[in-house]
S.K.: 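Can you keep this structure in mind? I'll have questions shortly.
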2 protein chains.
Amino acid sequence: MKMKMDVALDTKECWNCPIKHQAVCARCEPDELTRLEEIKYYRNYDAGQPVIWAGDHMEFVASVVTGIASLSQTMEDGRTQMVGLLLPSDFIGRPGRDSAPFDVVAVSDLTICCFRKKPFEELMTTTPHIGQRLLEMTLDELDSAREWMLVLGRKTAREKIASLLAIIARRDATLKKHSPKDGMTFDLPLTREAMADYLGLTLETVSRQISALRKSGIIELDGKRRVVIPSLEKLMNETGDDVDGGLIA
Amino acid sequence: MKMKMDVALDTKECWNCPIKHQAVCARCEPDELTRLEEIKYYRNYDAGQPVIWAGDHMEFVASVVTGIASLSQTMEDGRTQMVGLLLPSDFIGRPGRDSAPFDVVAVSDLTICCFRKKPFEELMTTTPHIGQRLLEMTLDELDSAREWMLVLGRKTAREKIASLLAIIARRDATLKKHSPKDGMTFDLPLTREAMADYLGLTLETVSRQISALRKSGIIELDGKRRVVIPSLEKLMNETGDDVDGGLIA
DNA sequence: GCGCGACTTTGATCAGGATCAAACCGGGAC
DNA sequence: GTCCCGGTTTGATCCTGATCAAAGTCGCGC
């Protein structure tokens with residue numbers, strides 16, 4: 001049985017061609033996307049700033065260029081659940097729909113690349129591989145969302161934290177272009193509260209479980225945000241996931 | 001603010017044309033799909049029978065014709081989380097991928113219509129609207145999965161049960177081709193255990209909360225499975241969702 | 001009818017995480 | 001430096017839902 005890992009935090013390929021780590025890669029500029037120049041523009045947001053409210057009329061689709069955004073829903077009484085993290089190269093928007101289903105909020109300083117929706121949709125019909133790429137990305141996102149449902153529905157608080165750390169570790173390694181390994185170090189891109197909203201916990205429980213993992217020697221902390229993973233295998237053993245040796249999905 | 005409802009349980013349109021309630025509708029037969037005749041075949045399963053195991057090599061894609069199947073994942077220690085229900089017209093399979101990400105199990109007696117994958121993928125490239133339809137369906141599923149994450153991560157047991165009942169009520173009304181209304185009656189298509197697996201609860205909690213809703217007069221029971229909703233509004237008030245009068249999404 | 005088995009209900013107790021509360025830490029403005 | 005403030009940690013207690021256990025219901029085959 002192979003190990004499953006959520007890919008929601010992985011950096012994806014350019015949605016226009018198979019280049020990793022870029023929303024719109026250099027290689028694309030010479031071909032189809034040049035046609036988009038006139039409908040393409042950039043937006044910048046500060047950490048914490050809302051980008052889109054659920055229900056907003058969307059006159060654009062977009063792609064994250066730098067920074068992190070969260071996708072989340074909030075109930076009337078304030079309970080909120082993060083349903084996804086948007087990382088560089090992730091796509092924002094629904095071709096064919098005119099309102100946004102969820103709130104998008106900048107977690108860090110954020111730059112997105114917007115395309116006016118109508119012309120983008122036209123491009124999709126004339127350039128089939130863009131549609132195919134979007135379908136593939138959407139299928140990946142769907143699998144990730146479903147894998148996260150196991151985390152939310154069935155895992156303990158400790159397993160949830162370990163799962164999140166494992167995902168961030170993996171994502172971070174990908175960004176740095178090497179595979180995850182023992183002794184790796186990274187910064188948590190989220191506050192305790194944001195982690196809680198992602199995991200369906202309270203911030204106090206997140207804090208306690210992180211302390212517990214530290215006391216168990218599963219992780220080491222350098223300040224509040226910097227994490228060291230002495231043994232990846234030990235961390236994986238805490239996730240509740242089926243591990244069979246490697247980080248191969 | 002409009003009310004959101006999970007659409008995972010809704011009956012979808014034919015993936016080849018915009019006709020409701022049929023996986024492959026009569027209208028489609030004369031055009032593109034006739035070309036598929038030679039690659040199309042049916043499979044039947046009994047209630048409880050596994051259809052696909054996660055990791056299986058998939059040489060086909062398929063569409064549910066009649067019956068209900070569940071999509072779920074199970075941890076090594078037996079904890080399981082249902083991540084979706086597959087209803088008539090729902091699509092099974094991943095064009096471009098060769099192994100199944102989740103287990104599929106027949107919940108009721110089930111008939112699916114299979115298409116050999118290779119020729120289906122070729123059809124997708126030559127018939128763009130099939131790809132577009134698949135993208136739309138996948139986006140809907142993604143939204144549903146994300147909405148369900150709120151249920152799993154943040155709702156109480158009572159809210160979870162009310163949410164599930166509301167969804168089933170809505171789905172059932174759609175099947176019967178009228179809108180949900182006070183006094184409506186339907187059969188639960190799931191055992192208490194399956195509901196628990198869908199909601200991230202134990203079967204005992206499901207049973208207790210159903211009893212509690214009955215005692216509160218939110219629902220009436222006729223036997224174990226048949227449910228009457230005297231007031232849709234009262235049920236909706238128990239879901240924790242933002243309701244503004246109607247069942248309009 | 002009887003007995004069996006799958007499913008469901010209900011009860012008693014337990015425990016994991018939420019809640020309420022207070023203190024702590026670190027960085028930036030002044 | 002000091003103050004302040006957002007983010008974090010830790011403690012005490014509570015409560016929801018899990019767990020363990022037993023009994024009830026229904027349908028079906030014999």
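Quick note on labels: first sequence line is chain A, next is B, and so on, each numbered from 1.
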S.K.: What about Arg208(A): does its side chain form a donor-acceptor pair under 3.5 Å with the base of dG11(D)?
M.R.: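 Checked by distance alone, the answer is yes.
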S.K.: Starting at atom CG of Leu203(A), determine the distance to atom P of dC24(C), rounded to an integer number of angstrom.
M.R.: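 Between P of dC24(C) and CG of Leu203(A): 18 Å.
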S.K.: From dA21(D), dT8(D), dT19(C), pick the nucleotide closest to the side chain of Glu204(A)?
M.R.: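 When the side chain of Glu204(A) is considered, dT19(C) is the closest of dA21(D), dT8(D), dT19(C).
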S.K.: From the list dG17(C), dT10(C), dA18(D), which nucleotide is the closest neighbour of the side chain of Thr205(B)?
M.R.: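 Side chain of Thr205(B) sits closest to dA18(D).
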S.K.: Could you tell me the separation between the CE atom of Met195(A) and the P atom of dG17(C), rounded to a whole number of Å?
M.R.: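 After rounding, the gap between these two atoms is 17 Å.
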S.K.: Applying a 4.0 Å non-hydrogen cut-off, can you work out what Thr191(B) is touching in the nucleic acid: base, sugar-phosphate, or nothing?
M.R.: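 Sugar-phosphate: the residue Thr191(B), judged by heavy atoms under 4.0 Å, touches backbone atoms but no base.
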S.K.: Say whether Ser163(A) and Arg158(A), considering side chains only, have a donor N or O and an acceptor N or O under 3.5 Å apart.
M.R.: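 Note: Ser163(A) and Arg158(A) side chains miss the donor-acceptor criterion.
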S.K.: Between Asp182(A) and Ser231(A), do the side chains contain an N or O donor and an N or O acceptor separated by less than 3.5 Å?
M.R.: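 Asp182(A) vs Ser231(A): no donor-acceptor pair found between side chains.
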S.K.: For Arg226(A) and dT8(D), what is the distance between atoms CZ and P respectively, to the nearest whole Å?
M.R.: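 From Arg226(A) CZ to dT8(D) P: 15 Å.
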S.K.: May I have the distance from Arg192(A) (atom CZ) to dC24(C) (atom P), rounded to whole angstrom?
M.R.: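 Value for this atom pair: 18 Å.
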S.K.: Verify the distance criterion only: is there a donor paired with an acceptor across the side chains of Thr111(B) and Asn44(B) at less than 3.5 Å?
M.R.: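 Thr111(B) vs Asn44(B): donor-acceptor pair found between side chains.
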S.K.: Here's a test of your reading of the structure: between Leu190(A) and Arg154(A), which maps to the more 5' nucleotide of DNA chain D?
M.R.: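 Looking at the nearest nucleotide for each, Leu190(A) comes out on the 5' side.
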S.K.: Is the terminal nitrogen or CZ of Arg170(B) (NZ for Lys, CZ for Arg) located under 6.0 angstrom from the six-membered ring centre of Phe186(B) and within 45° of that ring's axis?
M.R.: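 Verdict for Phe186(B): no cation-pi partner in Arg170(B).
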S.K.: How is Ile210(A) classified with respect to the nucleic acid when contacts are heavy atoms under 4.0 Å: base, sugar-phosphate, or nothing?
M.R.: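 Counting heavy atoms under 4.0 Å across all strands, no contact is made by Ile210(A).
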S.K.: Rounded off to whole Å, could you give me the CD-to-P distance for the Glu193(A) and dT9(D) pair?
M.R.: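 After rounding, the gap between these two atoms is 13 Å.
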S.K.: Mind checking if Gly48(B) touches a base, just sugar-phosphate, or nothing, with heavy atoms under 4.0 Å?
M.R.: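 It contacts nothing in the nucleic acid.
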S.K.: Using only side-chain N and O atoms of Ser207(B), determine if any of them is under 4.0 Å from OP1 or OP2 of dT10(C).
M.R.: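 Checking dT10(C) against Ser207(B), no side-chain N or O comes under 4.0 Å of OP1 or OP2.
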S.K.: Nearest whole Å is fine: how far is dT8(C) C1' from Gln209(B) CD?
M.R.: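 My rounded result for the distance is 15 Å.
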S.K.: Calculate the interatomic distance between Arg214(A) atom CZ and dT8(D) atom C1'; express it in whole Å.
M.R.: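 Taking atom C1' of dT8(D) as the reference, CZ of Arg214(A) is at 12 Å.
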S.K.: Does any N or O in the side chain of Glu159(B) come within less than 3.5 Å of the main-chain N or O of Thr156(B), such that one atom is a donor and the other an acceptor?
M.R.: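 It does hold such a pair.
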S.K.: Measure from CG on Asp187(B) to P on dG27(D) and round the result to the nearest Å.
M.R.: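 Roughly 12 Å, once rounded to whole Å.
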S.K.: What nucleic acid atoms does Thr202(B) come within less than 4.0 Å of, heavy atoms only: base, sugar-phosphate, or nothing?
M.R.: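 Base contact.
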S.K.: Name the closest nucleotide to the Arg225(B) side chain, picking from dG17(C), dT8(C), dT9(D).
M.R.: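 Closest of the options to the side chain of Arg225(B): dT8(C).
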